[in-house]
Amino acid sequence: MASDLRPPPYYENYAYQPENLTAPSHTSGFYVCQQYTSPYCPATVPHYVPRVCTQPSTPATTIVHPISSSGKICTARLRKALCFSLSVIILLVGAAIAGVLIWYFVADSCFGSKIRCGILAEYVSPSQWCDGVNDCPNGEDENRCVRLYGPRFLLEVYSSESKDWYPVCYDDWSDDYGRIACADMGYNKDTYFNSKATKHTSPFTSFMRLNTSSEDTDLYKKLFNSKQCSSGNVVSLRCIKCGFSSKNPNPRNRIVGGNLAALKEWPWQVSLHVQRNHLCGGSIITPEWIVTAAHCVEGSFSQPSYWTAYAGILLQHEMLRPLGHRVAKIISHPNYDSESKNNDVALMKLQSPLSFGDSIGPVCLPNPGMMFEPEQQCWISGWGAQRQGGSTSKGLNAAFVHLIESSRCNSRYVYNGRILPAMICAGYLDGKVDSCQGDSGGPLVTEKHDLWWLVGDTSWGTGCASVNKPGVYGNMTQFADWIYRNMQANR
């Protein structure tokens, strides 16, 4: 958090990096050089290509043995036979390797990060799921489309016939069906919270209903369009207990550049380390998944093995290696633009799940249909620098900000058209409070309907707390669908 009214030079909200902090390198011992590729396989996402492992060459010593003339002829024939046999073997091995590589890079170009077509052993990429085109043999990619709508978490299912989303009638619904629907959004069944009946208030006159007489075991083949819903209630589905905090959302006029946070106030906040140094922040959305900024994991920092996540700890010096969680996979948004910082969002999947409690828990992702108004009261948190160019904070800080309308943020004297739909501004035009280096990837949250929602992830800005230069964040309402599809593809 920063409080500095001087207009420092332009910066992007990268984490503060000490001069000696570089991507980890291997200097000794045997290791295999690998290249990481995002599951979406985008050409625009930077890939880390390690240096070729080399060793100093040693001149070969030539040893000459006397050989008779007949021995020379036998040796020549033997060499030809051996060379021919070796050539054939090399060609066969090469063909086999080429076949494997063709299958690996072309036939399965997304390296297993695909969504299964129901019970069939066929898969489609996340971008093909719910795109209006039947890519699965039985059309599961269009029939198994589910989402949660609005602040009441209304379960909606897409009808490929009418090309529209419909609420699900609560008649004959059960938690078993709820778990199936949650799994199709990428949630682990272990995180399932509840299904509740809620009054139908939307303008839709049609529902998706369960056909209990159907012998089909597939939930989505049991659903059918109906004008009737006997109970008049629809399904409200909670796939995870998210958005709970001990924080009082009322700022009480005590924000001047941020305050030290208390334990349990921001349980979704994580510190992301490389080489035992805090680099960026992130937000917990499930026990295994963290949302951060794509610019945090650009270039050499795209290797998952470099990163360690710390949750439920306020002070940096208490973040000891045994308490950290290693990262198994990093997925950057396929349309991330490193110049404009458009679509600045990435996902991290942890090698082992977090244990939730009062001090560690997920924030809610905004559902389609949710609206965040201009001047919406929000909070930012992180271990960012207290001033432009400063070092990261020892303790977690939090600050009260409000959303700024995009048209105002795009005005000539603010960001002059640089704010795109996948971005959102928050802070104050007269300075005062802002995010700064080290806050990158961290949460911008708001309290609404008694739950805390992830509005954005810290992306970039001009200076720290500079006049007419508020912080810019990734607009999470634009990314929720992408997040769900990738969670589903990488369960």
Side-chain angles (χ1 to χ4, degrees), residues 39 112-119 123-124 126 129-130 140-141 143-158 165 167-168 173-196 198 208 218-220 223 235-244 267-268 270 282-292 309 311 325 327-329 331 345-357 360-370 443 451-454 476-477 479-491:
S113 294
K114 294 187 176 183
I115 304 174
R116 186 169 183 168
C117 295
I119 61 173
Y123 300 80
V124 298
W129 200 261
C130 304
E140 290 92 343
D141 55 312
N143 292 328
R144 302 176 67 90
C145 302
V146 293
R147 73 180 186 184
L148 302 179
Y149 186 86
R152 294 194 297 158
F153 297 89
L154 299 182
L155 175 63
E156 292 189 339
V157 175
Y158 184 75
W165 294 88
V168 178
W173 187 260
S174 71
D175 283 330
D176 289 337
Y177 295 133
R179 289 185 178 89
I180 294 172
C182 287
D184 275 338
M185 284 185 286
Y187 286 101
N188 189 313
K189 290 184 179 180
D190 294 337
T191 69
Y192 178 77
F193 191 28
N194 61 35
S195 292
K196 290 184 178 180
T198 186
M208 298 298 285
D218 191 321
L219 166 63
Y220 300 96
L223 293 172
V235 177
S236 171
L237 180 63
R238 298 288 301 276
C239 296
I240 193 168
K241 186 179 179 181
C242 64
F244 290 92
W268 45 79
V270 296
S283 302
I284 300 168
I285 55 172
T286 79
E288 296 177 316
W289 289 100
I290 289 169
V291 174
T292 187
H325 287 254
V327 175
K329 181 173 291 188
I331 307 171
V345 66
L347 284 170
M348 285 185 173
K349 186 176 185 181
L350 302 178
Q351 290 183 5
S352 57
L354 296 165
S355 297
F356 285 171
I360 301 177
V363 65
C364 295
L365 287 173
N367 298 322
M370 289 197 66
L451 294 174
W452 288 87
W453 305 83
L454 185 62
M476 207 54 56
T477 61
F479 304 139
D481 184 58
W482 174 82
I483 290 171
Y484 284 131
R485 291 185 186 181
N486 277 279
M487 283 169 49
Q488 183 184 16
N490 294 277
R491 279 186 295 173

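Just so we're clear, the structure is a prediction, and the values are computed from it rather than from any experiment. Residue indices begin at 1 and follow the sequence shown.
Atom CG of Leu365 is separated from atom CE of Met185 by 10.5 Å, given to the nearest 0.5 angstrom. Here the CG-NZ distance, from Asn486 to Lys329, works out to 9.0 Å after rounding to the nearest 0.5 Å. Taking CG of Asp184 as the reference point, atom CD of Gln488 lies at 5.5 Å (rounded to 0.5 Å). To the nearest 0.5 angstrom, Ile180 atom CD1 is 5.0 Å from Leu219 atom CG. Atom CE of residue Met487 and atom CD of residue Glu288 lie 9.0 Å apart, to the nearest 0.5 angstrom.
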Would Trp268 and Leu454 satisfy side chain to side chain contact (heavy atoms under 4.5 Å, CB included), going step by step from the backbone distance to the final call?
-> CA-CA 10 Å; Trp268 45 79; Leu454 185 62; 5.9 Å; no

Check step by step if side chain to side chain contact (heavy atoms under 4.5 Å, CB included) holds for Arg147 and Asn367.
-> CA-CA 8 Å; Arg147 73 180 186 184; Asn367 298 322; over 6 Å; no

Can you list the steps and then say if Ile285 with Tyr484 is a side chain to side chain contact (heavy atoms under 4.5 Å, CB included)?
-> CA-CA 11 Å; Ile285 55 172; Tyr484 284 131; over 6 Å; no

Could you go through the side chain to side chain contact (heavy atoms under 4.5 Å, CB included) check for Thr191 and Phe356 one step at a time?
-> CA-CA 10 Å; Thr191 69; Phe356 285 171; 5.7 Å; no

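Looking at residues two or more places apart in sequence or on another chain, you find a ring pair (Phe, Tyr, Trp, His ring centres under 6.0 Å) between Tyr177 and Trp173. For Arg238, the salt bridge (charged side-chain N to carboxylate O under 4.0 Å, His left out) criterion is met by no residue, not counting sequence neighbours. Residues meeting the ring pair (Phe, Tyr, Trp, His ring centres under 6.0 Å) test with Trp453, sequence neighbours left out: Phe153.
At a threshold of 4.5 Å between non-hydrogen side-chain atoms, the residues Leu155 and Leu148 count as touching. Contact annotation: the side chain of Phe244 never approaches that of Pro267 to less than 4.5 Å [non-hydrogen atoms, C-beta and beyond]. Using a 4.5 Å heavy-atom cutoff, the side chains of Ser352 and Leu350 are not in contact. For the pair Asp176 and Tyr192, the minimum side-chain heavy-atom distance is 4.5 Å or more. A 4.5 Å side-chain heavy-atom check between Val270 and Met348 finds every atom pair outside the cut-off. Side chains of Phe479 and Leu347 form no contact here, defined as non-hydrogen atoms less than 4.5 Å apart. Between Ile240 and Thr286, some side-chain heavy-atom pair lies under the 4.5 Å cut-off.
Between the side chain of Ser236 and the backbone N or O of Arg152 there is at least one donor-acceptor pair closer than 3.5 Å.
For Asn490 and Lys349, the side-chain atoms include no donor-acceptor pair closer than 3.5 Å.
Under 4.0 Å is where a charged nitrogen must lie from a carboxylate oxygen, and between Arg485 and Asp481 at least one such pair does.
Contact detail for Pro443 and Gly282: the closest heavy-atom pair is CD-O, 4.1 Å.
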